[in-house]
Amino acid sequence: MKKGDHLFLVDGSGYIFRAYHALPPLTRKSDGLPVGAVSGFCNMLWKLLQDARNTDVGVTPTHFAVIFDYSSKTFRSEIFPEYKANRSEPPEDLVPQFGLIREATRAFDLPCIELEGYEADDLIATYARLAREAGGDATIVSSDKDLMQLVGDAVSMYDPMKDREIRVPEVIEKWGVPPEKMIDLQALTGDSVDNVPGIPGIGPKTAAQLLEEFGDLDTLLARAGEIKQNKRRENIIENADKARISRELVRLKDDAPVVEGLADFVLRPPDGPKLIAFCKAMEFSSLTRRVAEATGADPSGIAATALEIEAGAAAHGPDVGAGKAAAKALGGPTRPDTGNVYATPAELAGKRAEMAGAIPFDRSGYETIVDIKTLDAWIAEAREAGVVAIDTESTSIDPMQADLTGISLAVAPGRAAYLPLGHKSRDGDLLGGGLVEGQVSLRAALDALAPLFSDPGVLKVGQNIKHDWLLLLQHGVAVTPVDDTMLISYVLDAGLGAQGLEALSERWLGHAPMPLKEITGSGRNQLRFETVEIADATPYAGEGADVALRLWQVLKPRLAADGLVSVYERLERPLVEVIGRMEQRGIAVDRQILSRLSGDFSQTAAAIEEEIYETAGERFNIGSPKQLGDILFGKMGLSGARKTATGQWSTSAQILEDLAAEGHELPRKIVDWRQVTKLKSTYTDALPGYINPETKRVHTSYALASTSTGRLSSSEPNLQNIPIRTVEGRKIRTAFIAEPGNRLISADYSQIELRVLAHIADIPQLRQAFADGVDIHAMTASEMFNMPVEDMPPDVRRRAKAINFGIIYGISAFGLANQLSIPREEASAYIKKYFERFPGIRDYMDRTKEHAREKGYVETIFGRRAHYPEIRSSNPHHRAFNERAAINAPIQGSAADIIRRAMVRMDGALADAGLAEVRMLLQVHDELIFEAREADVDKAIPVIREVMENAAMPAISMAVPLQVDARAADNWDEAH
DNA sequence: GTGGTCTCCTA
DNA sequence: GTAGGAGACCACA
């Protein structure tokens with residue numbers, strides 16, 4: 001760049017928001033894709049370029065670039081954690097447009113500039129400085145006051161929406177101060193949008209007046225005592241520090257370490273066909289025509305660009321690089337030479353599914369990486385591709401106590417490699433022999449891979465990536481950003497089949513991957529993976545990564561095609577790391593307490609056993625329902641027997657309780673025996689086996705994609721079913737403890753599902769009751785039985801409570817009758833009465849069933865889908881079951897989504913509050929368990945409550961408040 | 001050893 | 001009536 005050259009810097013991010021709000025909404029005709037901001041942006045750019053090129057009035061750009069924010073995390077958050085903290089999430093229909101606007105920029109053949117850790121404004125400041133220093137001029141296309149500090153002799157601004165130039169006089173006219181004082185002015189006034197504090201009570205007018213009087217901020221703060229107005233003087237003295245911090249927040253950094261130089265910004269003549277291809281994809285007909293006229297290109301021969309619209313959502317998160325890379329790897333618009341002809345996400349997704357099986361699988365084609373040089377070559381290839389599928393092999397299923405055996409990588413279909421790291425010879429002692437020759441050392445390999453695995457510009461794809469994430473974290477390697485084919489499939493197809501690698505591969509690739517058993521064998525002689533020959537391991541491991549990569553290529557575009565990008569981006573992808581950290585933390589369990597309880601239960605059980613044998617007159621296996629049934633209903637001939645599905649006598653607790661109520665001794669004893677033996681075997685005896693020998697804590701595993709509704713599930717051990725209902729059972733909970741000097745905090749949503757129901761079905765009485773904080777079951781009883789809420793008899797309330805729960809479960813007379821032990825006719829009458837009082841509930845149920853029948857799925861308030869393909873079954877039982885599940889899913893699922901949202905935000909909120917050491921450990925559907933230092937507890941509880949109670953916002957503004965009860969104690973029993 | 005059944009623990 | 005996981009037993013391989 002030289003004297004006389006002129007650089008145009010377009011504030012892309014600023015324009016997006018402005019265009020979105022200022023212009024009428026616009027959607028693409030063929031599929032409803034929101035494109036209003038994209039359209040505004042394209043028209044603005046086009047006009048800008050045309051005006052500049054065609055007129056001799058004004059300035060003509062020689063250099064041109066469009067600048068974007070990378071993400072909201074910048075150095076400013078470090079100076080002031082609350083910076084932009086109150087900024088709400090962008091509107092749902094704007095999110096996909098972020099990526100599209102970047103694509104638009106590229107279609108215009110203009111540089112698309114962004115940089116991690118910097119806002120667009122900083123990059124603009126940097127390039128404006130560079131232009132100035134080179135002797136040229138710069139025009140900033142924006143009207144943002146934050147940029148006005150840059151205006152000067154060589155730098156001006158241009159507001160494209162008002163067609164107005166902003167130079168020094170305009171700044172003075174608008175703000176009362178010259179550009180160089182804008183920083184001080186903003187430091188005083190603050191900015192509520194960005195959460196820059198400033199000084200309370202000082203607006204632009206006062207600030208300008210003060211700066212006029214004192215010259216600059218430092219002088220003002222130093223001589224604040226001279227200010228006459230009492231309130232103002234006190235405010236300034238008191239908040240001087242805030243003003244200083246604010247100054248650092250608003251001061252733009254003009255020395256950002258930018259990659260592209262001004263030479264990269266030289267403006268080229270328009271590439272008509274490229275731009276027309278994009279306009280066609282967006283279905284911008286008039287712009288297509290204008291571009292064609294101006295460039296002389298013939299639009300009829302130009303195919304629409306293929307667009308990876310899901311990259312748009314990614315581009316909004318902390319992983320813009322990955323979004324771009326993803327588009328590249330998918331053969332998207334960053335490689336326009338690959339002959340794209342698919343205009344809509346749906347078309348692209350369809351094409352991908354078609355192509356999935358096109359490249360045959362060749363297990364013998366996978367490479368084994370045996371030296372660092374080869375590994376480096378694969379790493380380079382992964383960087384070039386921008387996306388790499390990974391799969392880890394290890395010595396244990398449990399990532400918390402597994403050693404790495406190997407890692408496989410895939411960068412393109414069929415292009416995969418296996419890096420063996422911990423393979424051992426089979427001979428030697430029981431523990432196996434030493435490491436097999438010809439393996440890269442673990443340390444060297446991880447050192448080489450770590451930068452790739454944490455490169456924000458390279459997306460790491462995996463099937464159930466939380467497992468690999470955690471395993472690698474245990475080996476000191478961070479993996480980010482990630483995509484998970486299992487979770488993508490779950491968002492798309494929950495309820496339509498399994499999300500395992502095998503199932504997905506067969507469903508989408510028509511290929512059955514090699515079963516593990518094929519190389520390890522099975523049974524007594526089964527090999528541990530680390531003793532498998534490397535030559536045998538490579539085809540298996542390489543295939544794992546290859547399959548994951550191909551699945552990703554097929555499934556990812558479907559998110560955009562089905563409108564499920566935000567479900568994945570907000571409720572699934574961020575949870576991988578959140579849950580991974582929870583699993584890694586684990587929870588302390590007191591072995592002694594469990595051991596003592598086990599002894600107690602053991603004695604109780606033995607005593608009851610003897611009594612049972614005596615009463616029964618013989619010894620038998622009490623734990624065998626078959627033998628027990630024979631004793632009770634055969635030998636003793638008790639009445640009231642019922643059969644199970646397979647024709648056996650039922651010995652369920654319900655039956656035994658009924659018999660006990662008739663005065664029979666034995667059934668009571670069986671129930672008691674079952675209780676203690678259950679507690680002993682499932683809890684006191686099993687839990688100690690899960691205590692990790694290294695961490696001395698229990699690390700459960702949460703499945704993110706195993707339920708049809710969006711709930712998590714917990715296993716090995718299941719910490720979501722720790723007893724609470726009985727006195728004896730609760731004792732188990734006292735064994736879950738905080739470390740010394742710490743406490744457990746339990747925070748649980750009160751009646752979240754009924755609140756969700758009140759919101760979804762919009763029931764006035766329920767809304768009122770929750771707003772007033774009255775007893776919801778008593779209120780229901782009052783409505784149904786025409787009794788005052790005050791002094792509601794417990795039994796009447798109990799019935800209402802059962803009905804409320806029944807509603808959530810998709811009520812049936814049969815079920816309610818069972819629950820309340822009343823005749824089915826009576827239950828039917830209750831339900832009828834309930835629907836009379838709450839007709840909105842019946843409407844909701846009918847509506848939901850109808851929706852499920854029509855579309856095959858139902859949705860939560862956040863758009864998560866649960867599929868019920870069998871709701872049209874001709875089997876009435878089957879059908880009714882699916883209907884109840886479909887009625888329940890939006891309620892249970894919305895509640896699950898809410899707590900997911902809370903969990904995604906929790907760690908950040910705690911860190912922002914200076915509570916980074918408060919650790920979220922467990923989730924039990926409507927409850928979160930934390931561990932915190934005693935000193936942090938009182939500060940943590942309000943933060944936790946705040947995050948949980950506001951978790952639905954801003955996506956959904958609930959019609960009823962969410963209420964969270966939280967408490968801290970030394971153990972889980974007392975905390976709950 | 002594996003898988004189905006029954007039972008019971010949670011929200 | 002919804003959603004889960006797990007232990008014990010038992011028949012089958």
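If you're wondering where the values come from, they're calculated on a predicted model, not measured in any experiment. Each chain gets a letter, A, B and so on, in the order the sequences are listed, and its residues count up from 1.
Counting any heavy atom pair closer than 4.0 Å across all strands shown, A:Phe805 reaches no nucleic acid atom. Across all strands, A:Ile811 comes closer than 4.0 Å to base atoms (heavy-atom distances). Contacts of A:Arg884 with the nucleic acid, taken as non-hydrogen atoms under 4.0 Å apart, involve only primed sugar atoms and P, OP1 or OP2. Nucleic acid contact class of A:Asn621 (heavy atoms, under 4.0 Å, all strands): sugar-phosphate only. Across all strands, A:Gly806 comes closer than 4.0 Å to base atoms (heavy-atom distances). Note on A:Glu753: nothing from the nucleic acid sits closer than 4.0 angstrom, heavy atoms only. At a threshold of 4.0 angstrom between heavy atoms, the contacts of A:Ile724 are confined to the sugar-phosphate backbone, with no base atom among them. Among the atoms of the strands shown, none is found under 4.0 Å from any heavy atom of A:Ala880. Within the 4.0 angstrom heavy-atom criterion, only backbone atoms of the sugar-phosphate kind lie near A:Ile722; the bases stay farther away. Using a 4.0 Å heavy-atom criterion, one finds that A:Glu927 contacts no nucleic acid atom at all. Among the atoms of the strands shown, only primed sugar atoms or phosphate atoms (P, OP1, OP2) are found under 4.0 Å from some heavy atom of A:Arg674. Counting any heavy atom pair closer than 4.0 Å across all strands shown, A:Ser652 reaches sugar-phosphate atoms only and no base atom. Residue contacts shown for A:Ala866 are absent, as no nucleic acid heavy atom lies under 4.0 Å away. At the heavy-atom level, A:Ser650 lies under 4.0 Å from the strands shown only through sugar-phosphate atoms.
At the phosphate of B:dC9, neither OP1 nor OP2 sits under 4.0 Å from any side-chain N or O atom of A:Thr682. At least one side-chain nitrogen or oxygen of A:Gln627 sits closer than 4.0 Å to the OP1 or OP2 atom of C:dC10. Regarding contacts with the backbone of C:dA8, every side-chain N or O of A:Ser624 stays at 4.0 angstrom or more from both OP1 and OP2. For A:Thr651, a side-chain nitrogen or oxygen approaches OP1 or OP2 of B:dT7 to under 4.0 Å. Between A:Ser713 and C:dG5 there is a side-chain N or O to OP1 or OP2 distance below 4.0 Å. Considering only side-chain N and O atoms, A:Arg725 lies nowhere under 4.0 angstrom from the phosphate OP1 or OP2 of B:dC9.
A:Arg668 has a carboxylate O that lies under 4.0 Å from a charged side-chain N of A:Glu657, or vice versa, which qualifies the two as a salt bridge. A salt bridge links A:Asp775 to A:Arg797: one of the charged nitrogens lies within less than 4.0 Å of a carboxylate oxygen.
The aromatic ring centres of A:Phe881 and A:Tyr868 sit 6.0 Å or more apart.
No cation-pi contact links A:Arg900 to A:Phe862, judged by a cut-off of 6.0 Å to the six-membered ring centre and 45° from its axis.
At least one donor-acceptor pair under 3.5 Å links the side chain of A:His467 to the backbone N or O of A:Ile397.
Between the side chain of A:Lys678 and the base of B:dC8 there is at least one donor-acceptor pair of N/O atoms closer than 3.5 Å.
Taking CG from A:Leu921 and CD1 from A:Ile745, the interatomic distance works out to 9.5 Å, rounded to the nearest 0.5 Å.
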